[in-house]
Amino acid sequence: MYNTLTRQKEEFKPREPGKVAMYVCGPTTYNFIHLGNARPIVVFDTVRRYLKYKGFDVRYVQNFTDIDDKIINRAREEQDDPLKLAARYVDEYYKDADALHVLRADIHPKVSGHITEIIEMVKTLIEKGYAYVVDGNVYYDVRKFAAYGKLSGRALEDMQAGARVDVDERKRDPMDFALWKSAKPGEPAWDSPWGMGRPGWHIECSAMALKYLGVGFDIHGGGFDLVFPHHENEIAQSEAATGHPFARYWMHNGFITVNQEKMSKSLGNFFLVREILSRFPPEVVRFYLLGTHYRSPLDFDDEKLSAAARGMERIKNSIRLLEEALAGRDEGAASRPDPALAARLDELRGEFEKAMDDDFNTALAIGVMFDLAREINGCLARQDFPNKAEKTAALQKARDLFRDFNSVLGVFKTGADGDIQLDEEGEEDQSLVEELIGLIIEVRQEARKKKDWSTADHIRDRLKEMGIVLEDTPSGVRWKKQG
RNA sequence: GGCGACAUAGCCAAGUGGUAAGGCAGAGGACUGCAAAUCCUUUAUUCCCCGGUUCAAAUCCGGGUGUCGCCUCCA
């Protein structure tokens with residue numbers, strides 16, 4: 001995996017064999033998440049899934065920042081309590097993340113629940129001489145930490161602090177940052193040795209990551225814009241406080257852009273996940289996010305999502321065809337799979353793993369999934385399998401492969417057993433819909449028998465308008481909901 | 001001013017020394033009452049430009065052009 005710390009790809013060697021401890025910076029909950037927020041969530045969810053696929057025991061922590069200036073400001077605007085507002089948007093976060101098939105982290109810590117740990121850490125930093133107190137504020141003294149800048153690759157001398165924002169004159173160095181902020185009236189505040197106040201932005205992640213994962217944990221992830229100052233500061237605090245390396249591998253995802261410009265809340269060019277999901281299925285959004293390598297920028301517009309949807313449809317069709325071929329056929333269970341196809345399937349699994357092993361190249365991995373689809377479609381189209389049982393067994397193996405690919409990419413809905421479920425309605429209505437469509441198809445078939453094409457086409461066209469696509473095949477009529 | 005990233009067909013996008021994956025869109029063929037789906041074939045003598053290294057470069061080096069990002073909250 002590519003490690004921002006060393007600026008190169010490295011073989012992943014966990015702190016403890018077989019185990020991975022991973023921390024990802026989660027959202028500040030003062031609004032619904034936008035697509036730019038969704039990228040790291042989906043990307044690191046996929047990283048986690050793949051490590052799990054590879055057999056690692058993964059401990060995954062993602063925080064919520066529920067104390068922050070933006071939350072306080074927003075709460076003031078809405079005349080709401082900051083903590084309540086933050087809690088509300090945590091709930092909303094889960095709705096979007098669940099829709100995108102993002103698995104829950106093992107631990108989702110919140111800043112508000114870790115004030116004690118944060119205060120302890122700040123105390124340690126003061127005791128060790130890395131921090132100083134001014135008027136109830138505690139600042140980190142960046143000049144004391146020799147390695148400051150090692151993650152972002154910059155030197156203190158090169159940075160123009162204050163070039164775009166006023167410098168607090170009370171700081172010893174313009175780059176010093178707040179570990180603890182004294183509270184203004186009406187702000188959420190906690191008692192501390194330095195008076196009533198609240199944590200600075202960076203200290204929370206250090207405190208929570210160290211609490212749940214310990215020093216020298218394996219992977220720390222987040223968006224590229226967090227490299228500086230957030231992650232740089234996390235390193236400075238944590239390594240100064242513990243005297244040990246903070247995290248081993250730093251992973252950063254690239255930005256989502258709109259018209260080649262970074263999508264961000266401050267630019268106002270963001271699209272809420274909520275809004276996009278009203279126009280596109282969540283599976284398509286996830287598929288689209290994983291269609292580009294995580295470190296590359298990804299430009300967003302509806303046209304690109306539509307193209308992703310059409311591409312995904314191709315894979316879905318293949319899975320449908322496969323399920324159809326397998327329906328009611330279990331003679332393969334006892335047989336060995338057709339050797340040629342089985343070998344090809346093994347090869348594809350190898351390609352998939354090779355892609356993911358190379359810095360989580362999901363774009364390539366999706367390409368392998370397309371190759372698998374073509375392989376299956378071709379196999380189904382050909383009639384040159386002398387041994388039906390062997391063919392069936394191989395197809396079952398192919399189904400397993402789809403399931404395993406999806407266990408990593410998470411682009412299709414799954415049942416409790418991990419099997420892919422297309423067109424899953426989740427309602428009893430589904431059976432009624434099936435019966436009704438079955439009836440309509442029956443009527444249309446009568447018309448077709450009489451070569452009454454205008455009636456047959458009319459029915460097909462009207463159903464299409466309703467989102468039901470009919471396919472006449474030599475073996476009968478097939479229907480599906482439009483993807 | 002400092003630091004960094006990217007530039008591959010109409011579009012999206014893999015590919016870090018060995019002779020251009022995959023998807024969308026397009027073209028032709030098979031199948032079909034017509035469609036759809038699927039299969040087969042086809043679409044970049046070439047990877048922003050100019051030099052250099054090498055038997056060999058989209059891939060390495062130097063220069064240039066363009067786009068973007070970080071240095072402030074931001075995923």
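Each chain gets a letter, A, B and so on, in the order the sequences are listed, and its residues count up from 1. Everything numeric here is computed off the predicted structure, so don't read it as measured data.
For N233(A) and rC73(B), the CG to C1' distance is 13 Å, given to the nearest whole Å. Protein atom NE2 of H230(A) is 21 Å distant from nucleotide atom P of rG69(B), rounded to whole Å. Per the geometry, CG belonging to D225(A) stands 14 Å off C1' belonging to rC68(B), to the nearest Å. R295(A) places its CZ atom 11 Å from the P atom of rA14(B), with the value rounded to the nearest Å. Here the P atom of nucleotide rC70(B) and the CE atom of M175(A) are 15 Å apart, to the nearest Å. Atom NE2 of H34(A) is separated from atom C1' of rC73(B) by 12 Å (rounded to the nearest Å). The interatomic distance linking I72(A) (CD1) with rC73(B) (P) rounds to 15 Å, in whole Å. Between the CG atom of D299(A) and the C1' atom of rA5(B) there is a distance of 16 Å, given to the nearest Å.
Base contact: G36(A) has a heavy atom under 4.0 Å from a base atom. Contacts of T292(A) with the nucleic acid, taken as non-hydrogen atoms under 4.0 Å apart, involve only primed sugar atoms and P, OP1 or OP2. Within 4.0 Å of K451(A), counting heavy atoms only, lies no atom of the nucleic acid at all. Within the nucleic acid shown, Y288(A) has no heavy atom closer than 4.0 Å to any nucleic acid atom. Residue-level contact check: I256(A) touches the bases, meaning some heavy atom is under 4.0 Å from a base atom. Residue M312(A) is out of contact with every strand shown, counting any heavy-atom pair closer than 4.0 Å.
Look at the C1' atom in both rU8(B) and rU67(B): the space between them is 16 Å, to the nearest Å. rA75(B) and rC71(B) have their P atoms separated by 13 Å, with the value rounded to a whole Å. Taking atom P in both rA5(B) and rC47(B), the straight-line distance is 23 Å, to the nearest Å. Atom P of rU16(B) sits at a distance of 36 Å from the matching atom of rC73(B), rounded to the whole Å. The gap from the P atom of rC11(B) to that of rU53(B) amounts to 34 Å, rounded to the nearest Å. Spacing of C1' atoms, rC55(B) relative to rG17(B), comes out at 12 Å, to the nearest Å. Annotation: rG22(B) and rU42(B) have their P atoms spaced 11 Å apart (nearest Å). rU45(B) sits 25 Å from rC6(B) when the P atoms are compared, rounded to a whole Å.
rA58(B) is unpaired under the Watson-Crick or G-U wobble criterion, no partner having all donor-acceptor distances under 3.5 Å. Using the Watson-Crick or G-U wobble rule with both distances under 3.5 Å, rC70(B) pairs with rG2(B). Pair check for rU42(B) finds rG26(B); Watson-Crick or G-U wobble, both atom distances under 3.5 Å. Under the Watson-Crick or G-U wobble criterion, with both distances below 3.5 Å, rC48(B) is paired with rG64(B). Nucleotide rU16(B) forms no Watson-Crick or G-U wobble pair with any nucleotide shown, as no partner meets the under 3.5 Å limit on both distances.
Annotation: ring pair (Phe, Tyr, Trp, His ring centres under 6.0 Å) contacts of Y2(A) (sequence neighbours excluded): none. Partners of R403(A) under the salt bridge (Lys or Arg N to Asp or Glu O under 4.0 Å) rule, at least two apart in sequence or in another chain, are D400(A), D419(A). Taking the ring pair (Phe, Tyr, Trp, His ring centres under 6.0 Å) definition, one finds that F300(A) meets it with F271(A), sequence neighbours left out. Taking the salt bridge (Lys or Arg N to Asp or Glu O under 4.0 Å) definition, one finds that E375(A) meets it with R344(A), sequence neighbours left out. Y288(A) is linked by a ring pair (Phe, Tyr, Trp, His ring centres under 6.0 Å) to nothing, counting only residues two or more places apart in sequence or in another chain. R460(A) meets the salt bridge (Lys or Arg N to Asp or Glu O under 4.0 Å) test with D457(A), D472(A); sequence neighbours excluded. Qualifying salt bridge (Lys or Arg N to Asp or Glu O under 4.0 Å) partners for K110(A), counting only residues two or more places apart in sequence or in other chains: none.
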When you compare the protein's N or O atoms with those of nucleotides 36-40 of chain B, which come within less than 3.5 Å of each other, and at what distance?
unit_1: rA36(B); atom_1: N1; unit_2: D472(A); atom_2: O; d: 3.4
unit_1: rA37(B); atom_1: O4'; unit_2: E471(A); atom_2: OE2; d: 3.3
unit_1: rA37(B); atom_1: O3'; unit_2: N317(A); atom_2: ND2; d: 3.1
unit_1: rU38(B); atom_1: O3'; unit_2: N377(A); atom_2: ND2; d: 3.2
unit_1: rC39(B); atom_1: OP1; unit_2: N377(A); atom_2: ND2; d: 3.2

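For the segment residues 436-446 of chain A, residues with any heavy atom less than 4.0 angstrom from an atom of RNA chain B are, sorted by number, R444(A). For RNA chain B, the neighbouring residues in residues 343-366 of chain A, judged by any heavy atom under 4.0 Å, are N361(A), A363(A), L364(A).
Judged by atom type and distance alone, R310(A) does not reach the base of rC12(B) through any side-chain donor-acceptor pair under 3.5 Å. With hydrogens and angles ignored, a donor-acceptor pair closer than 3.5 Å exists between the side chain of D457(A) and the base of rG33(B). One N or O donor and one acceptor, one from the side chain of R460(A) and one from the base of rA35(B), sit under 3.5 Å apart.
Side-chain rings of F177(A) and H202(A) approach one another, their centers coming within less than 6.0 Å. Checked against the 6.0 Å centroid criterion, the rings of F145(A) and Y148(A) do not qualify as a close aromatic pair.
Ring stacking holds between W453(A) and rG33(B), with the centres under 5.5 Å apart and the planes within 30 degrees of each other.
Within the cation-pi definition used here (under 6.0 Å to the ring centroid, within 45° of the axis), R248(A) does not qualify as a partner of F217(A).
Using bins of under 30°, 30° to 60° and over 60° for the plane-to-plane angle, the ring pair H231(A)/H252(A) lands in the tilted bin.
The side chain of K304(A) places no N or O atom within less than 4.0 Å of a non-bridging phosphate oxygen (OP1 or OP2) of rG23(B).
Taking the side chain of H293(A) as heavy atoms from C-beta on, and the options rC73(B), rC70(B), rA14(B), the nearest nucleotide is rA14(B).
Heavy-atom nearest nucleotides on RNA chain B were determined for P297(A) and for E261(A), and the one closer to the 5' end corresponds to P297(A). Between F287(A) and H202(A), the residue whose closest nucleotide on RNA chain B is further toward the 5' end is F287(A).
Within the structure, every pair that satisfies the ring-ring contact (aromatic ring centres under 6.0 Å, His included) test and touches residues 28-47 of chain A, not counting sequence neighbours, is listed here: F32(A)-Y89(A), H34(A)-F270(A). Each side chain to side chain donor-acceptor pair (under 3.5 Å) pair with one or both residues in residues 362-374 of chain A, not counting sequence neighbours, appears once here: D371(A)-R374(A).
For the pair D173(A) and R143(A), the salt-bridge criterion is met [side-chain N within less than 4.0 Å of a carboxylate O].
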Please assess H220(A) against Y249(A) for the test ring pair (Phe, Tyr, Trp, His ring centres under 6.0 Å), listing each intermediate value before the final yes or no. CA-CA 6 Å; H220(A) 192 129; Y249(A) 301 89; over 10 Å; no

